[in-house]
Amino acid sequence: MLILNKTAGVFFKPSRRKIYEFLGGFHFHPGKLFLHKLVLGIETSCDDTAAAVVDEAGNVLGEAIHSQTEVHLKTGGIIPPVAQQLHRENIQRIVQEALSASEVSPSELSAIATTVKPGLALSLGVGLSFSLQLVDQFKKPFIPIHHMEAHALTIRLTNKVEFPFLVLLISGGHCLLALARGVSDFLLLGKSLDIAPGDMLDKVARRLCLIKHPECSTMSGGKAIEHLAKQGNRLHFDFQPPMQRAKNCDFSFSGLQHVIDKMIMQKEKEEGIEQGQILSSAADIAAAVQHTVACHVAKRTHRAILFCKQRGLLHQSNAVLVVSGGVASNLYIRKALEIVTNATQSTLLCPPPRLCTDNGVMIAWNGVERLRAGLGILHNTEGIRYEPKCPLGVDISKEVGEAAITVPRLKMKI
């Protein structure tokens with residue numbers, strides 16, 4: 001019997017008939033011989049249903065994804081029960097597509113890796129339940145995956161990056177700075193004290209009604225802000241980056257969002273329009289918001305690099321900063337971080353945009369990394385549970401704050 005968190009609800013358990021239908025959908029290749037370890041990765045932590053098969057050399061043999069973005073744009077945000085239902089409707093097809101594309105049968109897999117923390121409880125439950133059915137059916141090892149760890153290690157799939165390296169994870173649900181010292185060895189330097197940057201950008205986009213803008217109607221909030229900002233003048237609005245006096249590596253975005261909301265309300269009164277209509281200054285607001293977020297993220301990251309070098313946690317001359325997560329695909333924010341890495345003689349690395357957002361490849365690759373290191377491989381899944389909230393690594397953010405490192409002022413000419 002599986003023990004679940006009270007907040008997690010009940011597992012989605014596919015019927016035996018569904019499993020047989022699932023298995024019947026494969027075209028097996030009995031003459032094919034795989035010499036490498038093969039891991040199936042399954043991701044359902046938020047609003048993307050994704051799966052992939054990756055081998056130990058980092059070859060992506062097959063992948064599939066179903067995005068729920070279009071549905072959630074219409075509802076103005078992610079509604080957990082809706083996300084759960086969409087995962088239930090699509091997970092079997094997505095896993096089957098990934099396996100079929102890879103020409104790997106479930107029996108040939110070395111292990112099955114699945115996101116179990118952190119994320120939306122109802123979404124995590126669908127992926128975990130389906131995975132455990134496969135694990136039980138094919139008697140395969142199960143590798144529980146921490147979503148943030150997977151994002152952090154994706155760069156080792158695409159680039160030759162050795163430990164240690166600094167990682168900035170910025171997305172719609174997360175914002176943190178951590179030092180990666182090993183596959184499951186992280187030091188947490190700082191995190192958002194309230195909401196994530198992607199969440200804030202989405203909320204600003206909704207408040208600006210960018211879904212009604214002809215150029216932005218099919219874009220997520222963050223993408224709409226980035227697109228519209230190119231047409232705006234950030235100097236027309238002066239938003240101050242948060243936490244300027246706090247000499248730590250934590251982030252905050254809710255206060256900034258409140259200031260922006262008040263400014264939008266003021267401009268609506270000035271222009272004589274009602275909420276729900278697009279401001280003539282929307283592009284300028286988008287540009288100013290994006291710049292302020294970029295400066296806030298850059299300064300905290302700058303302090304993290306200086307702290308790690310001061311404590312000998314990173315190499316002085318060839319330190320690496322890895323930036324991943326959905327917001328990492330924002331090119332303006334990347335340029336701000338490039339200014340920081342140039343000033344600190346560090347190297348900035350980002351996975352390709354399709355691997356910055358949630359995907360099955362990063363989960364499968366994290367499974368490969370753990371399989372090779374012999375870490376967290378379960379042959380008995382009794383008592384396995386998903387965890388909607390789960391920190392990454394050992395929290396040393398208090399130590400970072402006590403160091404009170406002053407960050408040199410950089411000109412953010414982007």
* Go through the steps to decide whether His296 and Phe253 satisfy the test ring-ring contact (aromatic ring centres under 6.0 Å, His included), and finish with yes or no. => CA-CA 9 Å; His296 180 46; Phe253 297 96; 5.3 Å; yes
* Which is it for Val60 and Trp365 under the side chain to side chain contact (heavy atoms under 4.5 Å, CB included) test, yes or no, and what are the steps along the way? -> CA-CA 9 Å; Val60 180; Trp365 175 248; over 6 Å; no
* Asked: Do Glu108 and Ser105 pass the side-chain hydrogen bond (donor to acceptor under 3.5 Å, both in side chains) test, and can you show the C-alpha distance, the side-chain angles, and the key distance before you say yes or no?
  -> CA-CA 5 Å; Glu108 292 169 315; Ser105 71; 3.2 Å; yes
* **side chain to side chain contact (heavy atoms under 4.5 Å, CB included) between Gln68 and Asp48, intermediate numbers included** => CA-CA 6 Å; Gln68 301 177 8; Asp48 288 315; 5.5 Å; no
* How far apart are the C-alpha atoms of Gln85 and Glu89, what are their side-chain angles, what is the distance that settles it, and do they pass the side-chain hydrogen bond (donor to acceptor under 3.5 Å, both in side chains) test? -> CA-CA 6 Å; Gln85 184 57 35; Glu89 291 172 3; 3.2 Å; yes
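The side-chain heavy atoms of Met219 and Leu210, taken from C-beta on, include no pair separated by under 4.5 Å. In this structure, Thr341 and Thr347 have side chains that are not in contact, with every pair of non-hydrogen atoms separated by 4.5 Å or more. At least one side-chain heavy atom of Leu109 sits under 4.5 Å from a side-chain heavy atom of Leu99. Side-chain contact between Leu61 and Val104: present, with at least one pair of heavy atoms (C-beta onward) separated by less than 4.5 Å. With a 4.5 Å cut-off on side-chain heavy atoms, Gln257 and Arg207 do not count as touching.
A donor-acceptor pair is defined here as one N or O able to donate and one able to accept, closer than 3.5 Å; no such pair exists between the side chain of Arg234 and the backbone of His291. Using a distance-only test at 3.5 Å, with no hydrogens or angles considered, no donor-acceptor pair links the side chain of Ser102 to the main chain of Gly62. At least one donor-acceptor pair closer than 3.5 Å links the side chain of Thr292 to the backbone N or O of Phe239. Looking at Thr154, its side chain does come within 3.5 Å of a backbone N or O of Ala150 through a donor-acceptor pair. In this structure, Arg156 contributes its side chain and Glu162 its backbone to no donor-acceptor pair below 3.5 Å.
Among all heavy-atom pairs drawn from Cys209 and Gly276, the shortest one is SG-CA, 3.3 Å. Between Ile195 and Ser254, the shortest heavy-atom distance links the atoms CG1-N, 3.9 Å. Smallest separation of non-hydrogen atoms from Phe251 and Leu168: CZ-CD1, 4.0 Å. Minimum interatomic distance between Pro164 and Leu313 (heavy atoms only, all atoms of both residues): CG-O, 3.4 Å. In terms of heavy-atom proximity, Gly172 sits nearest to Val327 at N-CG2, 4.5 Å. Minimum heavy-atom separation, Leu208 to Ala282: CD1-O, 4.2 Å.
In this structure, a donor-acceptor pair under 3.5 Å is present between the side chains of Glu43 and Ser45. A side-chain donor-acceptor contact under 3.5 Å links Asn330 and Gln290. Residues Thr114 and Ser131 have side chains that bring a donor and an acceptor to within less than 3.5 angstrom of each other. A donor-acceptor pair shorter than 3.5 Å cannot be found between the side chains of Gln137 and Gln133. Donor-acceptor pairing under 3.5 Å is recorded for the side chains of Asn366 and Glu149. Thr49 and Asn90 form no side-chain donor-acceptor contact under 3.5 Å, judged by distance and modelled atom types alone. Between the side chains of Glu215 and Gln231, at least one donor N or O lies within less than 3.5 Å of an accepting N or O.
Between Lys247 and Glu402, no side-chain nitrogen of the basic residue sits less than 4.0 Å from a carboxylate oxygen of the acidic one, so the salt-bridge criterion is not met. Looking at Lys398 and Asp395, no side-chain N of the basic residue comes within less than 4.0 Å of a carboxylate O on the acidic one, giving no salt bridge. Ion pair Glu338/Arg334 not flagged as a salt bridge, since none of the NZ, NE, NH1 or NH2 atoms sits closer than 4.0 Å to an Asp/Glu carboxylate oxygen. At a threshold of 4.0 Å, the pair Glu56-Arg372 does not count as salt-bridged, since none of the basic side-chain nitrogens sits closer than that to a carboxylate oxygen. Salt-bridge formation is detected for the pair Lys203/Asp199: a Lys NZ or Arg NE/NH1/NH2 atom is positioned less than 4.0 Å from an Asp or Glu carboxylate oxygen.
The aromatic rings of His147 and His151 sit perpendicular to each other, their planes meeting at more than 60°, with 30° as the lower class boundary.
Crowding of Lys335 atom NZ: a count of heavy atoms from other residues, nucleotides or ligands under 6.0 Å not exceeding 12.
Separation of atoms OG1 (Thr158) and CG (Leu349) is listed at 8.0 Å; rounding is to 0.5 Å.
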